[in-house]
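Note that these values count all heavy atoms, side chains included, but never hydrogens, waters or copies made by symmetry. Just so you know, these numbers come straight off a predicted model, no measurement behind them.
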Amino acid sequence: MEQVFDLLITVFLVVGGIFGLVGSFGLIKLDDPMSRLHAPTKATTLGVGGVLIASMVHAYAHEGHLSWHELLITLFLFLTAPITANFIAKAHIHRHETPDTLPPAGEDKTWATHDVPPEEPGSGRG
Amino acid sequence: MIEYAVYFAATCFGLAFLMNLWKIATAEGVGDRVLALDTMVINAIALMILYGLANGTEIFFEAAMIIAMLGFVSTVAYARFMLRGNIIE
């Protein structure tokens with residue numbers, strides 16, 4: 001049984017390390033800012049998730065208790081990675097693109113971040 | 001077997017860390033730098049977890065959790081600053 005757990009830990013560590021390396025390599029390799037967003041937010045998050053799961057299995061197999069800290073960190077990273085990606089993409093769209101340079105938005109009139117509702121007088125914002 | 005796997009993963013994440021540093025030094029825009037910093041925080045978390053795994057301590061999980069939260073908040077603050085020019089309006 002020990003062997004099986006060791007194999008599991010090794011596989012998770014190796015896969016996580018490769019994912020982390022690919023994520024950061026994509027950050028310097030890809031040439032478009034929007035495609036550059038994909039590599040770190042997806043591959044690196046998966047890589048660190050693999051390392052955290054390996055750590056969890058290690059705590060269970062070698063110290064005999066299941067530790068929930070790692071699952072908490074994994075969950076937190078998996079929840080926050082899309083939010084940071086969305087924020088950075090939004091900042092890029094507002095700083096470097098206009099509605100004309102973006103691809104068509106499908107059935108909507110324009111992309112949501114450019115779709116500003118008309119200002120109401122006396123609404124207190126401004 | 002685990003020892004070598006930990007070394008392999010630490011090498012991968014260390015290389016990834018160096019790539020992030022390189023990207024921060026050579027990026028042409030602010031957005032790329034913020035993205036590279038965010039990736040660097042995640043790689044730092046992975047390195048801390050690997051160090052804790054190699055030494056059999058659990059003290060680093062709390063530190064990793066705090067770094068994860070601070071990394072998220074700081075990335076959001078940077079993005080707000082890029083968009084609006086200030087952070088808390």
Please determine whether the number of non-hydrogen atoms from other residues, nucleotides or ligands lying under 6.0 Å from atom [atom1] of [X] exceeds 12.
{"X": "Tyr78(B)", "atom1": "OH", "result": "no"}
{"X": "Leu79(A)", "atom1": "CG", "result": "yes"}
{"X": "Phe78(A)", "atom1": "CZ", "result": "yes"}
{"X": "Lys42(A)", "atom1": "NZ", "result": "yes"}

If I compare all heavy atoms of [X] with all of [Y], which pair ends up nearest, and what's the gap?
{"X": "Ile73(A)", "Y": "Met65(B)", "result": "CG1-SD, 3.5 Å"}
{"X": "Ala91(A)", "Y": "Met82(B)", "result": "CB-CE, 3.7 Å"}
{"X": "Thr39(B)", "Y": "Ser24(A)", "result": "CG2-OG, 3.8 Å"}
{"X": "Ser55(A)", "Y": "Leu53(B)", "result": "CA-CD1, 3.7 Å"}
{"X": "His58(A)", "Y": "Ile2(B)", "result": "CD2-CD1, 4.2 Å"}

[options]: which one forms the most heavy-atom pairs within less than 4.5 Å of chain A?
{"options": "Ala16(B), Gly31(B), Ala36(B)", "value": "Ala16(B)"}
{"options": "Asn43(B), Leu18(B), Thr11(B), Val30(B)", "value": "Asn43(B)"}
{"options": "Val34(B), Leu50(B), Asp32(B)", "value": "Asp32(B)"}

Whatever's closer than 4.5 Å to a heavy atom in chain A on Phe61(B) counts as both
Let me know if Met69(B) has heavy atoms under 4.5 Å from chain A in its side chain, its backbone, both or neither. both
Taking side chain as everything from C-beta outward and backbone as N, CA, C, O, which of these in [X] sits under 4.5 Å from a heavy atom of chain B? Side chain, backbone, both or neither.
{"X": "Ile28(A)", "result": "both"}
{"X": "Phe87(A)", "result": "both"}
{"X": "Ile9(A)", "result": "side chain"}

Thr10(A) and Tyr4(B): CA distance, side-chain angles, deciding distance, side-chain contact (heavy atoms from CB on, under 4.5 Å) verdict: CA-CA 8 Å; Thr10(A) 311; Tyr4(B) 293 112; over 6 Å; no
Enter the distance from [X]:[atom1] to [Y]:[atom2] here, rounded to the nearest 0.5 Å.
{"X": "Thr41(A)", "Y": "Asp38(B)", "atom1": "OG1", "atom2": "CG", "result": "8.5 Å"}
{"X": "Leu27(A)", "Y": "Leu35(B)", "atom1": "CG", "atom2": "CG", "result": "5.5 Å"}
{"X": "Glu58(B)", "Y": "His65(A)", "atom1": "CD", "atom2": "NE2", "result": "4.5 Å"}

Are [Y] and [X] connected into the same hydrophobic cluster when the rule is that any two of I, L, V, M, F, W, Y join if their side-chain heavy atoms are below 4.5 Å apart?
{"X": "Met19(B)", "Y": "Ile45(B)", "answer": "no"}
{"X": "Met40(B)", "Y": "Met48(B)", "answer": "yes"}
{"X": "Val48(A)", "Y": "Leu71(A)", "answer": "yes"}
{"X": "Leu75(A)", "Y": "Phe19(A)", "answer": "no"}
{"X": "Leu47(B)", "Y": "Val51(A)", "answer": "yes"}

Assert top hit (heavy-atom pairs under 4.5 Å, partner chain B, pool His96(A), His92(A), Arg95(A), His94(A)) equals Arg95(A)
Ranking Ala85(A), Pro40(A), Gly47(A), Ala59(A) by heavy-atom pairs under 4.5 Å to chain B gives rank one to Pro40(A)
Thr84(A) side chain near Phe72(B) side chain, heavy-atom distance below 4.5 Å: yes
Checking Thr75(B) against Ile88(A) for the side-chain contact (heavy atoms from CB on, under 4.5 Å) test, could you report, in this order, the C-alpha distance in whole Å, the side-chain angles of both residues, the deciding distance, and whether it holds? CA-CA 8 Å; Thr75(B) 309; Ile88(A) 294 171; 4.1 Å; yes
Would you please test Arg36(A) and Lys23(B) for side-chain contact (heavy atoms from CB on, under 4.5 Å) and show each step? CA-CA 11 Å; Arg36(A) 226 177 283 153; Lys23(B) 189 68 195 173; 3.8 Å; yes
